[in-house]
Amino acid sequence: MQQRELIISNYVKAYNNFDVEGMLKDLAPTVKFENVSNGDVNMELDGIEAFRNQAEQAVRLFERREQIIRSFKHTGSKTEIEIDYNDIIAIDLPNGLKKGDEMNLKGHSIFTFEGDKIVGIMDIS
């Protein structure tokens, strides 16, 4: 479980540093990603290239972004983290958010592992 916590911590550190290659380092080629907001799945990605493309696009949306891990919970092949999330928007967005707006959220992410590779990520806020 310590190895999983290290892998997830490295992923979050890379995310916070806008380091897409660092985020990809421990992902399986077949990784599946889902983003769930207010109970609705608003993004699904299949495969590391789709994940890379989305991560590279997302980098341009934020001046700053930070996830802080509050806890880890291990169950079988899954590890769930509780997070605090904060960002500052870099550009005006179609959903009404404006450059300089700050968002603060609490949520959790569920990482699914096969061996030492992440095969699934579900972000829930």
### R65 vs V59, side-chain contact (heavy atoms from CB on, under 4.5 Å): CA-CA, chis, key distance, verdict
CA-CA 9 Å; R65 63 185 187 182; V59 162; 4.1 Å; yes
### Task
Mind running side-chain contact (heavy atoms from CB on, under 4.5 Å) on I118 and I7 for me, showing each step along the way?
CA-CA 9 Å; I118 299 168; I7 289 169; 3.8 Å; yes
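- Proximity of a side-chain donor or acceptor of N95 to a complementary backbone N or O of L97 within less than 3.5 Å is detected.
- In this structure, the side chains of D101 and I89 come closer than 4.5 Å at one or more pairs of heavy atoms.
- The two residues A28 and V119 make their nearest non-hydrogen contact at CB-CG1, 3.7 Å.
- When all heavy atoms of V31 and G120 are compared, the pair lying nearest together is CG2-N, 4.0 Å.
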### Task
Let me see the working for D84 and R70 under side-chain contact (heavy atoms from CB on, under 4.5 Å), right down to the final yes or no.
CA-CA 7 Å; D84 290 342; R70 296 297 179 199; 2.7 Å; yes
### Task
Verify side-chain contact (heavy atoms from CB on, under 4.5 Å) between I88 and F62, making sure each step is shown before the conclusion.
CA-CA 6 Å; I88 296 176; F62 303 101; over 6 Å; no
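- One finds no salt bridge joining K99 and D92 here, because no Lys/Arg side-chain nitrogen approaches an Asp/Glu carboxylate oxygen to under 4.0 Å.
- Using a cutoff of 4.0 Å between basic side-chain nitrogens and carboxylate oxygens, E114 and K117 are not scored as salt-bridged.
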### Message
Please evaluate residues E21 and R52 with respect to the criterion salt bridge (charged side-chain N to carboxylate O under 4.0 Å, His left out), reporting the C-alpha separation (whole Å), side-chain torsions for both, the decisive distance (0.1 Å), and the verdict.
### Response
CA-CA 8 Å; E21 290 306 314; R52 175 194 307 274; 2.3 Å; yes
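- Taking hydrophobic clusters as Ile, Leu, Val, Met, Phe, Trp and Tyr residues chained together by side-chain heavy-atom distances below 4.5 Å, M23 shares a cluster with M43.
- Under the side-chain contact (heavy atoms from CB on, under 4.5 Å) criterion, N86 pairs with R64, E102, N104, not counting sequence neighbours.
- Between D123 and F33 the shortest side-chain heavy-atom distance falls below 4.5 Å.
- One finds the CD1 atom of I81 at 4.5 Å from the OG atom of S109 (value rounded to the nearest 0.5 Å).
- Around the CG atom of N38, the shell of radius 6.0 Å holds no more than 12 heavy atoms that belong to other residues, nucleotides or ligands.
- Judged purely by atom type and a 3.5 angstrom limit, N17 has no side-chain atom pairing as donor or acceptor with the backbone of A14.
- Enclosure of atom CD in Q57 by more than 12 non-hydrogen atoms of other residues, nucleotides or ligands within 6.0 angstrom is indicated.
- Geometrically, R4 does not engage F72 in a cation-pi contact, judged by NZ or CZ lying under 6.0 Å from the ring centre and within 45° of the ring axis.
- For the residue pair H74 / E80, no side-chain donor-acceptor distance below 3.5 Å is found, with atom types taken as modelled.
- With contacts defined as side-chain heavy-atom distances shorter than 4.5 Å, the pair D26/F111 does not qualify.
- Rounding to the nearest 0.5 angstrom, the gap separating the CE atom in M1 from the NZ atom in K73 is 13.0 Å.
- One hydrophobic cluster holds both M103 and Y15 under the rule that ILVMFWY side chains link at heavy-atom gaps under 4.5 Å.
- Considering CG of D46 and NZ of K32, their distance stands at 3.5 Å, rounded to 0.5 Å.
- Hydrophobic clustering (ILVMFWY, side-chain heavy atoms < 4.5 Å, transitive): I48 and L45 are in one cluster.
- In the hydrophobic cluster analysis, where Ile, Leu, Val, Met, Phe, Trp and Tyr join through side-chain heavy atoms closer than 4.5 angstrom, I83 is grouped apart from V36.
- Distance check, rounded to the nearest 0.5 Å: CG of D87 to CG of L105 gives 7.5 Å.
- Between the side chain of N16 and the backbone N or O of Q67, at least one donor-acceptor pair lies under 3.5 Å.
- To the nearest 0.5 Å, atoms CD (E82) and NE2 (H108) are separated by 6.0 Å.
- Side-chain heavy atoms closer than 4.5 Å link hydrophobic residues (I, L, V, M, F, W, Y) into clusters, and following such links, even through other members, never connects I68 to I121.
- With rounding to the nearest 0.5 Å, the separation of CD1 in I69 from OG in S71 is 9.5 Å.
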